[in-house]
Number of protein chains: 2
Amino acid sequence: MSAAIDLAVSTVIFALRPDAAGHLVLSIPLVRRTRDPFEGRWALPGGAADAAESLADTAARKLAETTGLSPAYLEQLYCFGEPDRSPSGRVVSVVYWALVRTDEAELAAEGENVAWFEADELPQLAFDHNLIVGYALWRLRTKLEYSRIAHAFLGPTFTLAELRQVHEIVLQKPLDPANFRRQIEASRAVVPTGQHVTGGRHRPPRLYRYDASVQLVDNGPLTSAGIR
Amino acid sequence: MSAAIDLAVSTVIFALRPDAAGHLVLSIPLVRRTRDPFEGRWALPGGAADAAESLADTAARKLAETTGLSPAYLEQLYCFGEPDRSPSGRVVSVVYWALVRTDEAELAAEGENVAWFEADELPQLAFDHNLIVGYALWRLRTKLEYSRIAHAFLGPTFTLAELRQVHEIVLQKPLDPANFRRQIEASRAVVPTGQHVTGGRHRPPRLYRYDASVQLVDNGPLTSAGIR
DNA sequence: TTTGTTCTGGTCACTCTGACCTTTACAGAA
DNA sequence: TTCTGTAAAGGTCAGAGTGACCAGAACAAA
């Protein structure tokens, strides 16, 4: 008699949201648990896997149910299955990580049992969710440096200063504007639209958009997941 | 009621084995299916997840049951869960990939229903296992270039020529011996034992061993998996 | 017109890499 | 013993990429 193994799907959702001082910070939404185990603790949004749905679809659906948002980027993070990770029995969790656009995140649902936290200042979470978020943070920061996922936080067009700000917030370090420009242009990831943004008390920056024809160089044969 | 989802664990096992001409080639062991679906087709070794065992332990156990070997390296590859990947019902497979030492692989079990195949010349496999092996191959080749996993194919001590040969076989391209030496030495991954190998009709090469005190720089917070 | 700001293009030193060359040290043949 | 073939080991050199830094360009506001 193989004892039952519960299969769950959870998602680490990243967004850039303004903090109390108005500065954008990397944030994730959490859900307060309303029953044992870990009743009252905050946890990643998720739930049981659905037999009729792909795992990625389940992750996106749970994301929408808790925040009202749709992900601009969604990728599987890891499958966590240690025997003792849940006191209520054996639970294997397939965890995804997602990026949502900054302008959409402002409209995100927030209520009694759903709240946003700064990604680097989390309380003690239910289960092994602190470990999971830590791993997701590492993957986000690592992937940001060799892949081109930062634009998932932005709209269809953006300035290089906006793109650089995303990198600076996520990587938590200042970047030289001139060198950043050189690297982005060398990667051919971005093309100028020809338009400029006026209104600033300085030289008007160019508007760019991502060049979707250039392949992402990271997912190997599993390119079906990724940018939507 | 939520229909059942079967949770399985499979492993892509890599080893370097001599081909008909005696040259080492990257190979994987496969198991012939003895029942539907895909009866008669070759498939990755694996089976149902065990409720009392960690996923990695299950992967290692299945590996031992089919080949009689123990992995020198074991890492989770991906969790495959598309609804239509098995005609017999919904199956979610947590897939691991493993490296076994070349000298051990020579002793591996091989029988009616277990056989080794060259990794790049596989027949049509059961389920989505061709896709899985392709992804595992991509991960192995990618990771070999920035991490230090090649020594998992070798014994505790080795020459730089042996280490280079592992890279050349896996990456399928010749490497400049002098440049390879420079890069390995710069990485500080390896330390000379002071011994030399005699017998060759040339200058005797130094013996090296891996410096276990130098951390792997790839797994993020999940360093529990990996080299054993 | 002046000033403050950021955008944008550029230089320079340093590091890393691939290509290639030379010397060293052995085994085996002459 | 000497010669020869082979691979180890150590080095040079040009080109690419990066971080640090500088300077002109182009706007809004004073």
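By convention in this document, chain letters (A, B, ...) are assigned in the order of the sequence lines, proteins followed by strands, and residues within each chain are numbered from 1.
Contacts of B/W42 classified as ring pair (Phe, Tyr, Trp, His ring centres under 6.0 Å), with partners at least two apart in sequence or in another chain: B/F117.
What separates OH of B/Y208 from C1' of D/dA8 is a distance of 9 Å, to the nearest Å. Rounded to an integer number of Å, the gap from B/L175 CG to C/dA19 C1' is 13 Å. The separation between A/K173 atom NZ and D/dT18 atom P is 12 Å, rounded to whole Å. Distance A/L207 CG to C/dT8 C1': 15 Å, rounded to the nearest Å. Rounded to whole angstrom, the span from the CZ atom of A/F180 across to the P atom of D/dG19 amounts to 12 Å. Note: CZ (B/R164) to P (D/dA9) measures 11 Å, nearest angstrom. Distance B/H202 NE2 to C/dC26 P: 12 Å, rounded to the nearest Å. Going from atom CG of A/D176 over to atom P of C/dT11 covers 16 Å, rounded to whole Å.
Map A/R181 and A/R201 each onto its nearest nucleotide of DNA chain C; the residue landing nearer the 5' end is A/R201. Positionally, the nearest nucleotide of DNA chain C for A/P204 lies more toward the 5' end than for the other of A/P204 and B/Q183.
Screening A/R181, A/R182, A/Q183 for a side-chain hydrogen bond (donor to acceptor under 3.5 Å, both in side chains) involving A/N179 leaves a single residue, A/R182.
Between A/R206 and the phosphate of C/dG9, there is a side-chain N or O to OP1/OP2 separation shorter than 4.0 Å.
Note on A/A178: a base of the nucleic acid sits closer than 4.0 angstrom, heavy atoms only.
For A/N179, whose side chain is taken as the heavy atoms from C-beta onward, the closest listed nucleotide among D/dC21, C/dT8, C/dT5 is D/dC21. Checked against C/dG9, C/dC7, D/dA7, the side chain of A/E185 finds its nearest nucleotide in C/dG9.
Taking the six-membered ring wherever Trp is involved, the centroid distance between the rings of B/F158 and B/Y210 falls below 6.0 Å.
Residue B/R182 places a side-chain atom within donor-acceptor reach of the base of C/dG18, judged by atom type and a 3.5 Å distance cut-off alone.
Under the 4.0 Å criterion applied to side-chain N and carboxylate O atoms, B/E65 and B/R61 are assigned as salt-bridge partners.
Ring orientation note: the planes of B/Y135 and B/W138 are close to parallel, at an angle under 30° on the 30°/60° scale.
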